[in-house]
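Notes for the one structure printed next.
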Amino acid sequence: MSDIPALDLPRLPDPHATAESLDKSVLFQVRGRVASVTGDAVTVQGMTAPLGSLCELQPPGAPATLARVIGFDDTRPILAPMEPITRLAAGDRVRLISHSLTLRVGQSLCGRIVDAFGRPIDGRPLSDDLVRVDVSHSSPDSLARPPIDQPLQTGVRAIDAMLTCGIGQRLGIFAGSGVGKSTLLGMITRGTNADRVVIAMVGERGREVGEFIQRTLGEEGLKKSVVVVATSDKPAAQRLSAAYTATSIAEQFRDEGHNVLLLVDSVTRFAMAQRELGLAAGEPPTTRGYPPSVFNLLPQLVERAGRTEKGSITAFYTVLVEGDDNNEPIADAVRGLLDGHIVLNRKLAHRGHFPPIDIPQSVSRLQNHLVSLEISQAVLKIREHMVKYDSSEDLISIGAYRQGSDPRIDAAIAMRDPINVLLQQHSDEQTPMENAHQMLKTIAAAQTTPAAPTHAAAAHPAAATNSAAPTPQAAG
């Protein structure tokens, strides 16, 4: 009996997904012709199509190009090409092919790199066991979301100790260009204990994509990850779809019972892509040129992440702030939609402090529900030291502050180096959450010893009695 080979039965597609796909399929031919082209907007006459549906531009003697319906000029659909157009002229044929974008997902997608349509770009074909799902999903019902009560390890001490993230939480990473967002995402990907990782690279440079996958993500990080790529040279409609494609892949993993980590880099370029499409469709520009549809799409995107009865999607959305202004429109809107924000400080990066996370300016709104009272008190104590040092840094740096003048400043100076040891970490280093919490408690429990009296204190013994220069000592 042991000689009988095991049968490798084919996996049948989900009947519900198949039925839903058939319902949205176009079972008859709908055709029209190009009427005009204005910038990236193609106006079509002789046909109609629902908003968001996919069409095919068919210039003679050139490959067909996918385009999405983004609006209407009276009764004529306005299309946004999702692929580069080689050549297009008035009168070229247009064909409706689908009412929505679909893609194939499944467990064998891990370790793969795909484009915004779910097509592989790593030179290998997709497996046959993948099932087709719709990219456009509604977010889970608010009352069907269980509370977030378990922490998620990221492997980054500054986050796990000071900004603890929960399974199903949504956090933003706010930073200017070149401060270290991609490096931090790579650290989180390699150090997390999530079951699956889905990464959306929206509007990134082509060179940076390969570098991120090979150097930052690494072979081990790629094994449990799916990377969705739409580089900056792709049309706006494709860059916009990349974020939805990554979210749909994460939703499929979540519905299969996994805890998924979703990283979207960046939501600012997602908003910029929608700005291009909105203006092309005739929307009026509002704040800094962003049309109203941008601020309507942002909550629709981020609300799809979170925890359900089946699994969870923990999401990190990077926000590229213009001119390091954390209050610019997109940053301000995203901050109000998420469960916390991590601010990267350019000054810290210039000092060689990596990851350059500005702890006083960052917050995890769910941290107190995820850690013990001892950890919460330790976090508050260390934050107090950091804020006190930052407020007195100018006086300290120029030597205007005299030791013993303020015990709280003395304590902040003494605790600065131990705190930096906790917060600074090499990009290749991963720390378990238990170790990060232990370091946090040890630093917070450090005692202070009296300082030697200064000349001013010797002249005024009462001042020497009330002054001390603390130095950290680990609690026994």
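One-based numbering along the sequence shown.
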Open item on the list: Contact between R145 and T308 at the side-chain level, heavy atoms closer than 4.5 Å - yes or no?
Closed with: no
- [ ] Could you tell me the separation between the CZ atom of R215 and the OG atom of S182, rounded to the nearest 0.5 Å?
- [x] 13.5 Å
- [ ] Mind checking salt bridge (Lys or Arg N to Asp or Glu O under 4.0 Å) for R119 and listing every partner two or more places apart, or none if nothing turns up?
- [x] E83, D115
TODO: Heavy atoms only: give me the nearest V343-Q361 pair and the separation to one decimal.
DONE: CG2-O, 3.6 Å
TODO: Considering only NZ, NE, NH1 and NH2 on the basic side and carboxylate oxygens on the acidic side, decide whether R157 and D160 come within less than 4.0 Å.
DONE: no
- [ ] Enumerate the residue pairs fulfilling ring pair (Phe, Tyr, Trp, His ring centres under 6.0 Å) with a member in residues 206-248, sequence neighbours excluded, ordered by first and then second residue.
- [x] Y244-F270
Open item on the list: Distance check, rounded to the nearest 0.5 Å: L366 atom CG versus Q169 atom CD?
Closed with: 4.0 Å
TODO: For the pair M415 and I443, evaluate side chain to side chain contact (heavy atoms under 4.5 Å, CB included) and give the outcome as yes or no after the intermediate values.
DONE: CA-CA 8 Å; M415 299 295 289; I443 294 173; 3.5 Å; yes
Task: Backbone of R269 reached by a side-chain donor or acceptor of S266 within 3.5 Å - done: yes
TODO: Could you tell me whether D40 atom CG has more than 12 heavy atoms of other residues or ligands within 6.0 Å of it?
DONE: no
Task: Heavy-atom side-chain proximity of I359 to L423 below 4.5 angstrom - done: yes
- [ ] Check the side chains of Q300 and S139 for a donor-acceptor pair under 3.5 angstrom, ignoring hydrogens and angles.
- [x] no
TODO: Could you tell me the separation between the NZ atom of K234 and the CG atom of L240, rounded to the nearest 0.5 Å?
DONE: 16.0 Å
Open item on the list: Please determine whether side-chain hydrogen bond (donor to acceptor under 3.5 Å, both in side chains) holds for the pair Q107 and H258, giving the CA-CA distance in whole Å, both sets of side-chain angles, and the decisive distance to 0.1 Å.
Closed with: CA-CA 11 Å; Q107 295 297 327; H258 296 294; 3.0 Å; yes
Task: Spatial distance of atom CD1 (I173) from atom CD1 (I357) [nearest 0.5 Å] - done: 7.5 Å
- [ ] Go through the structure and list residues passing salt bridge (Lys or Arg N to Asp or Glu O under 4.0 Å) with R307, not counting sequence neighbours.
- [x] D149
Task: Selection residues 168-186 - residue pairs positive for salt bridge (Lys or Arg N to Asp or Glu O under 4.0 Å), sequence neighbours left out - done: R170-E303, R170-D339
Open item on the list: Can you list everything that forms a side chain to side chain contact (heavy atoms under 4.5 Å, CB included) with S177? Sequence neighbours excluded, please.
Closed with: L320, R346
Open item on the list: Donor-acceptor check, side chain of T154 to backbone of I188, threshold 3.5 angstrom: yes or no?
Closed with: no
Task: Sub-4.5 Å side-chain heavy-atom contact between L152 and N193 - done: yes
Open item on the list: Under 4.0 Å between a side-chain nitrogen and a carboxylate oxygen: does that hold for K224 and D195?
Closed with: no
Open item on the list: Checking S232 against E204 for the side-chain hydrogen bond (donor to acceptor under 3.5 Å, both in side chains) test, could you report, in this order, the C-alpha distance in whole Å, the side-chain angles of both residues, the deciding distance, and whether it holds?
Closed with: CA-CA 5 Å; S232 58; E204 293 291 339; over 6 Å; no
Open item on the list: Between Q153 and T192, is there a side-chain donor-acceptor contact under 3.5 Å, judged purely by atom types and distance?
Closed with: no
Open item on the list: Can you tell me how far apart OH (Y317) and CG (D265) are? Round to the nearest 0.5 Å.
Closed with: 13.0 Å
Open item on the list: Regarding E256 and R196, does a basic nitrogen lie under 4.0 Å from an acidic carboxylate oxygen?
Closed with: no
Taking distance alone, no hydrogens or angles, what donor-acceptor pairs closer than 3.5 Å link side-chain atoms of residues 309-316 to residues at least two apart or in another chain?
from: S312; atom 1: OG; to: N259; atom 2: OD1; distance (Å): 2.7
from: T314; atom 1: OG1; to: G168; atom 2: N; distance (Å): 2.7

Task: Cationic N near anionic O, under 4.0 Å, E211 to R207 - done: yes
TODO: Quick one: closest heavy-atom pair of S225 and L217, and the distance?
DONE: OG-CD1, 4.3 Å
TODO: Could you give me the CA-CA distance, side-chain angles and deciding distance for I409 and I396, then say whether side chain to side chain contact (heavy atoms under 4.5 Å, CB included) is met?
DONE: CA-CA 9 Å; I409 299 180; I396 297 171; 4.1 Å; yes
Open item on the list: Checking L79 against I70 for the side chain to side chain contact (heavy atoms under 4.5 Å, CB included) test, could you report, in this order, the C-alpha distance in whole Å, the side-chain angles of both residues, the deciding distance, and whether it holds?
Closed with: CA-CA 6 Å; L79 309 182; I70 61 172; over 6 Å; no
Open item on the list: On a heavy-atom basis, which atom in M82 and which in L54 lie closest, and how many Å separate them?
Closed with: SD-CD2, 3.5 Å
- [ ] Quick one: which residue pairs count as a ring pair (Phe, Tyr, Trp, His ring centres under 6.0 Å) with a foot in residues 373-408, not counting sequence neighbours?
- [x] none
Task: Residue pairs fulfilling salt bridge (Lys or Arg N to Asp or Glu O under 4.0 Å) with at least one residue in residues 273-286, sequence neighbours excluded - done: R239-E276
Task: Any donor-acceptor pair under 3.5 Å from R416 side chain to A411 backbone - done: no
Task: A237 to A80 - nearest heavy-atom pair and separation - done: CB-O, 3.9 Å
Task: Minimum side-chain heavy-atom gap R254-P140 below 4.5 Å - done: yes
TODO: Could you pull out all residues at least two apart from R288 that satisfy salt bridge (Lys or Arg N to Asp or Glu O under 4.0 Å)?
DONE: E322, D325
TODO: Would you mind listing every salt bridge (Lys or Arg N to Asp or Glu O under 4.0 Å) that reaches into residues 347-371, with sequence neighbours excluded?
DONE: R351-E393
Open item on the list: How long is the straight-line distance from CD1 of I382 back to CG of L440, given to the nearest 0.5 Å?
Closed with: 4.5 Å
- [ ] Check the side chains of T247 and R304 for a donor-acceptor pair under 3.5 angstrom, ignoring hydrogens and angles.
- [x] no
Task: Check: R402 main-chain N/O paired with S405 side-chain donor or acceptor under 3.5 Å - done: yes
Open item on the list: Within the structure provided, determine whether T183 and F354 are in side-chain contact (heavy-atom separation under 4.5 Å).
Closed with: no
- [ ] Would you please name every residue forming a side chain to side chain contact (heavy atoms under 4.5 Å, CB included) with S108, sequence neighbours left out?
- [x] S127, D129, L130
Open item on the list: Looking at every non-hydrogen atom in both residues, tell me the closest pair between D122 and G111 and how far apart they are.
Closed with: OD2-O, 4.4 Å
Open item on the list: So does L338 get a backbone contact from the side chain of H341, meaning a donor-acceptor N/O pair under 3.5 Å?
Closed with: no
- [ ] Decide side chain to side chain contact (heavy atoms under 4.5 Å, CB included) for L163 and V379; before the verdict, give the C-alpha distance in whole Å, the side-chain angles of both, and the deciding distance to 0.1 Å.
- [x] CA-CA 9 Å; L163 304 165; V379 170; over 6 Å; no
Task: Ionic contact status for E384 with K381, cut-off 4.0 Å - done: no
Task: Minimum heavy-atom distance P284-P292, with the two atoms named - done: O-CD, 3.4 Å
TODO: Would you sort out whether Q367 and T164 count as a side-chain hydrogen bond (donor to acceptor under 3.5 Å, both in side chains), showing the intermediate values?
DONE: CA-CA 5 Å; Q367 183 171 24; T164 308; 3.2 Å; yes
Open item on the list: Test of understanding: with salt bridge (Lys or Arg N to Asp or Glu O under 4.0 Å), list the residues that count as partners of R104, not counting sequence neighbours.
Closed with: none
